[in-house]
Amino acid sequence: MEYKSEKEFLENYNKDEFEQLSMTADILVVSVSDQMKTNYRKNNQKRMSVLLVKRENYPFKDKWCLPGGFLDPKKELLEDCAKRVLKKETNLSNIYLEQLYTYDAIDRDPRMRVVSTSYVALIDKNLLTEKMLENASWFDVILLEEKGSLVDVILDNGEEQITFQIKKQKREKTTDRYQFSITKNKSLAFDHPMVILAGIERIRNKINYTDIVFNMMPKYFTLGELQQVYEVILNKKLLDPAFRRIIANKVEKTEKMKTGEGHRPSVLYKYKEK
């Protein structure tokens with residue numbers, strides 16, 4: 001059938017001619033926060049954590065996954081969907097959120113064709129005021145080791161460990177774009193191991209040329225605490241002079257001091273807003 005105008009087409013076309021698919025938003029919530037101290041004279045040690053929820057329904061019942069849910073195509077934009085499901089599944093709201101990647105493998109969901117747009121959310125979990133839901137849990141990243149093209153990851157929440165392995169290959173020799181595939185995974189649902197690794201790598205890539213790290217910091221902090229966060233994210237020790245150059249224009253000194261933890265008082269700094 002030929003249409004004389006776009007209006008006529010929109011009023012008369014057969015919607016069944018077009019394939020339907022569903023869309024979801026999945027959110028990787030990342031925190032770099034203090035661990036329990038074993039020596040009061042030492043600074044708190046920090047560790048990267050990711051937030052997972054245990055699925056209560058099929059598919060992948062009783063497996064862990066990232067917070068996520070289906071888009072309402074008539075009412076929501078994707079970011080609105082991400083904020084809604086994050087609040088519903090974890091009780092978290094008003095935190096930093098940025099879009100990561102879109103995952104569109106044909107068989108990524110056994111129910112139907114589902115395309116997922118993933119997001120990264122950053123927070124200092126020690127500052128949370130909301131009560132977490134019972135099926136949500138923070139998992140520490142206790143191992144993230146790259147050997148050749150394989151990346152091994154171990155997550156631990158104190159009661160359970162999750163292990164998976166990702167194969168990482170460059171898409172093109174002239175760029176730093178990578179293609180991920182899951183080689184080992186038993187505990188995580190869907191393709192969420194790839195989302196976790198991709199999200200951590202995104203944060204690592206952006207930490208030196210953006211200010212995103214301060215979404216994981218309290219309002220006031222010592223330079224030592226800030227350096228620990230950088231080192232945890234980058235997974236390497238930084239020399240003090242090099243670190244000071246990185247953050248020179250990002251922080252400002254305050255008149256406040258941190259005291260009472262068994263070591264010399266330290267000057268507190270805060271983020272220098274542009």
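These figures come from a predicted structure and were not determined experimentally. Residues take their numbers from the sequence shown, with the count starting at 1.
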### Query
Can you list the steps and then say if Tyr103 with Ser118 is a side chain to side chain contact (heavy atoms under 4.5 Å, CB included)?
CA-CA 8 Å; Tyr103 293 86; Ser118 59; 3.3 Å; yes
Exceeds 12 heavy-atom contacts within 6.0 angstrom, atom [atom1] of [X]:
| X | atom1 | value |
| --- | --- | --- |
| Lys206 | NZ | yes |
| Glu134 | CD | no |
| Lys170 | NZ | yes |
| Lys219 | NZ | no |
| Lys253 | NZ | no |
| Glu273 | CD | no |
| Leu21 | CG | yes |

### Query
Do Lys256's NZ or CZ and the ring of Tyr220 fall within the cation-pi criteria of under 6.0 Å and 45°?
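Ring-cation test returns yes.
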### Task
Examine Lys168 relative to Tyr178 and say whether NZ or CZ is less than 6.0 Å from the centre of the six-membered ring and inside a 45° cone about the ring axis.
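Because its charged atom sits under 6.0 Å from the ring centre and within 45° of the axis, Lys168 does stack over Tyr178.
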Any side-chain heavy atom of [X] sitting closer than 4.5 Å to one from [Y]?
| X | Y | result |
| --- | --- | --- |
| Asn157 | Trp138 | no |
| Glu160 | Asp156 | no |
| Leu197 | Leu144 | yes |

Donor-acceptor check, side chain of [X] to backbone of [Y], threshold 3.5 angstrom: yes or no?
| X | Y | value |
| --- | --- | --- |
| Asn91 | Lys131 | yes |
| Asn215 | Ile212 | yes |
| Ser22 | Val114 | no |
| His192 | Leu66 | yes |
| Glu225 | Thr222 | yes |

### Message
Tell me if the aromatic rings of Phe243 and Tyr230 count as close, with their centers under 6.0 Å from one another.
### Response
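Aromatic pair counts; centres sit under 6.0 Å.
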### Query
With a 6.0 Å cut-off on ring centres, are Phe60 and Phe190 close enough?
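That pair passes the under 6.0 Å test.
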### Query
Nearest heavy-atom pair of Ala136 and Met132: which atoms, and what distance?
CB-CE, 3.8 Å
### Task
Please report the closest heavy-atom contact between Met216 and Ile203, naming both atoms and the distance.
CE-CG2, 4.5 Å
### Task
Run the numbers on Arg244 and Leu223 for side chain to side chain contact (heavy atoms under 4.5 Å, CB included), then give the verdict.
CA-CA 9 Å; Arg244 300 299 170 95; Leu223 292 185; 3.6 Å; yes
### Message
Checking side-chain contact (heavy atoms from CB on, under 4.5 Å) between Ile154 and each of Asp140, Val141, Ile142, which is the one that passes?
### Response
Ile142
